[in-house]
Amino acid sequence: MEYVTLNNGVKMPVLGYGVYQVTPEECEQCVTDAIHVGYRSIDTAQAYANDVICCEV
């Protein structure tokens, strides 16, 4: 996976996994699968109404 280095020295993955329009029922499994295959950046937002589920995984 490719990374960029932020101004504070933290490395952040260039590629992230988005959960826009993923239902709350599907979100937990989708995020779990994404983490399992190597994603470390999960794009979520309160407006998606599944942010709490993503944070619990």
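Numbers here are sequence positions counted from 1.
Listed by chain and residue number, nothing satisfies the side-chain contact (heavy atoms from CB on, under 4.5 Å) test with Asn7 (two or more places apart in sequence, or in another chain). Taking Cys27 as the reference, Val19, Val22, Val31, Asn50, Ile53, Cys54 meet the side-chain contact (heavy atoms from CB on, under 4.5 Å) condition, with sequence neighbours excluded. Remark: Glu26 pairs with Thr23 by the side chain to side chain donor-acceptor pair (under 3.5 Å) rule, at least two apart or across chains. With sequence neighbours excluded, the residues satisfying side-chain contact (heavy atoms from CB on, under 4.5 Å) with Ser41 are Pro13.
When the side chains of ILVMFWY residues are joined at heavy-atom separations under 4.5 Å, either directly or via intervening members, Ile42 and Leu15 end up in a single hydrophobic cluster.
Applying the side chain to side chain donor-acceptor pair (under 3.5 Å) test to residues at least two apart or on different chains, the pairs with a partner in residues 29-40 are Gln29-Asp33.
One distance of note links CD1 of Ile35 with SG of Cys30; it measures 11.5 Å at 0.5 Å rounding. Separating the OG1 atom in Thr44 from the OH atom in Tyr20 is a distance of 12.5 Å, to the nearest 0.5 Å.
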